[in-house]
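Protein chains get the first letters and strands the later ones, always in sequence-line order, with residue 1 at the start of each. Bear in mind that the values here come from a model prediction, so they are computed numbers and not experimental data.
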Protein chains: 2
Amino acid sequence: MNQTIENLMNHVSVRDFKDQAISSEAKSNLIAAAQSGSTSEFVQAFSIIEITDPKLRSELSDITISSPHVKKADTFYVFVADLHRQATMLEKHHQNLDSLKNMESLLVATIDTAIAAENMAVAAESMDLGICFIGSIRNNIEQVAKLLNLPELTVPLFGMTIGVPNHKNQHKPRMPKQNQVATNSYDDQSFTDLSQYDQTVHDYYAARETNASDTNWTEKNLAIFKQIRRPEVGPFLKKQGFNLD
Amino acid sequence: MNQTIENLMNHVSVRDFKDQAISSEAKSNLIAAAQSGSTSEFVQAFSIIEITDPKLRSELSDITISSPHVKKADTFYVFVADLHRQATMLEKHHQNLDSLKNMESLLVATIDTAIAAENMAVAAESMDLGICFIGSIRNNIEQVAKLLNLPELTVPLFGMTIGVPNHKNQHKPRMPKQNQVATNSYDDQSFTDLSQYDQTVHDYYAARETNASDTNWTEKNLAIFKQIRRPEVGPFLKKQGFNLD
């Protein structure tokens, strides 16, 4: 196993950073890595906004569930799914924007953005930096869009905090292969037989150094999905110009 | 710059593979890398289906725009955004599935899946393998779902071909940083001033060893988005149980 794969397998989200700056060279590498990923038909449908203004960082942090560490991390990027460049081109050439507005285009932009972000995460971890995806900017996605002056056909999907790790949790055990990987057909029976994995996750949380708890994967998911989450996201997407059709 | 970042920056999609098998150890690493990525609140909302059956591979290949290379690549995975495990749990606990059906949950599953796939791509390239995302399985997304027996609340987002590269194109020049990265605010003017980048892309295509052409980035995008693409994706998502609200 090479170093890259070892790093991928040891990934943990880091929420506790040292008060230490990331060099501008390292930041250039993070950006270049994000820009170099696969992109559907080369459309590069994403943008990255670095948040350096303390007031803006504080306002964005307060929207998330991870406010203290979003405030403290040396570097914070917001990743934006972005079809606005294409909209500008099409308008300049007197074409309508219908092709940008359907679910296919929204999926393309979402996938492009996540690929870019994961490349940045991999680059960061290869330099011994720690990262955390901050999906909870979607707690108030409309306000985030307003604070960042986002135009039509853009979506702030998530943030990413990056810094020098102070403390790292253990790697969380992922599903056994038989729960997530199959050959030639979806394997309903195997994918939903989670008793072994529930035990593994139970043991992980019971033994965890910080925030130990008595739970398992099923219980965690039931708690997460017991109510409708972020019902404003759909209406916000419509407001941004996506038809969701 | 370390080896991982160098590899990320040198990424190219590979569509021409040697007739050479990937070892089972390498495949285990690819899967483990995909499973180890960041995941929103640990929901791990994706599945991976390897296509080894020649008839099935051929049927799936014919749906894509890259049929010959999808047929020829040693390894072909389909990545599925997947909330079916959570649906099964919720049903077992007599809860309704509304929380899985809205746009927020679809975004979560799409992002989780793309992160996993990019981790696999990075792992593959670190072993000198070549990869190509195959978004064009969405040319007939309903048929792909049928062929793979996908249940409710799952979406076959894209495939990935992996093999030993026979020929690699040059790395395509990405947008200059000022077109894609900004500080504290979306930078509409800078992001849509693409004249310099159009020239760069023009020069890249003019000088390309294979399939040289006289085009630029704006022209490529205008051609891609001159008509509505894959209008069946939205209705398919509804059929799979997503409300798109």
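The two residues B:Asp53 and A:Asn184 make their nearest non-hydrogen contact at N-OD1, 3.0 Å. Summarising the geometry of B:Gln44 relative to A:Met175, their closest heavy-atom pair is OE1-N, 3.1 Å, with the distance given to 0.1 Å. Nearest heavy atom pair, residue B:Ile224 against residue A:Glu41, reads CD1-O, 3.5 Å. Heavy-atom minimum distance, A:Ser38 versus B:His11: OG-NE2, 3.0 Å. In terms of heavy atoms, B:Ser36 sits closest to A:Leu8 at CB-O, 3.3 Å.
B:Thr88 OG1 to A:Leu194 CG: the interatomic distance, rounded to the nearest 0.5 Å, is 8.5 Å.
Ranked by heavy-atom pairs under 4.5 Å with chain A, the list B:Gly234, B:Ser40, B:Ser99 is led by B:Ser99.
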Item to complete: Check the pair B:Gln180 / A:Gln35 against side-chain hydrogen bond (donor to acceptor under 3.5 Å, both in side chains), numbers first and verdict last.
Response: CA-CA 8 Å; B:Gln180 201 163 27; A:Gln35 291 190 288; 2.8 Å; yes
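None of A:Asp82, A:Asn149, A:Thr154 except one satisfies the side chain to side chain donor-acceptor pair (under 3.5 Å) rule with B:Tyr186; the exception is A:Asp82.
When heavy atoms are compared at a cutoff of 4.5 Å, B:Leu237 approaches chain A solely by way of its side chain, counted from C-beta outward. The contact between B:Phe133 and chain A is made entirely by side chain atoms (from C-beta outward), counting heavy-atom distances below 4.5 Å.
Using cut-offs of 30° and 60° for the angle between ring planes, the A:Trp217 and B:Phe42 rings count as perpendicular.
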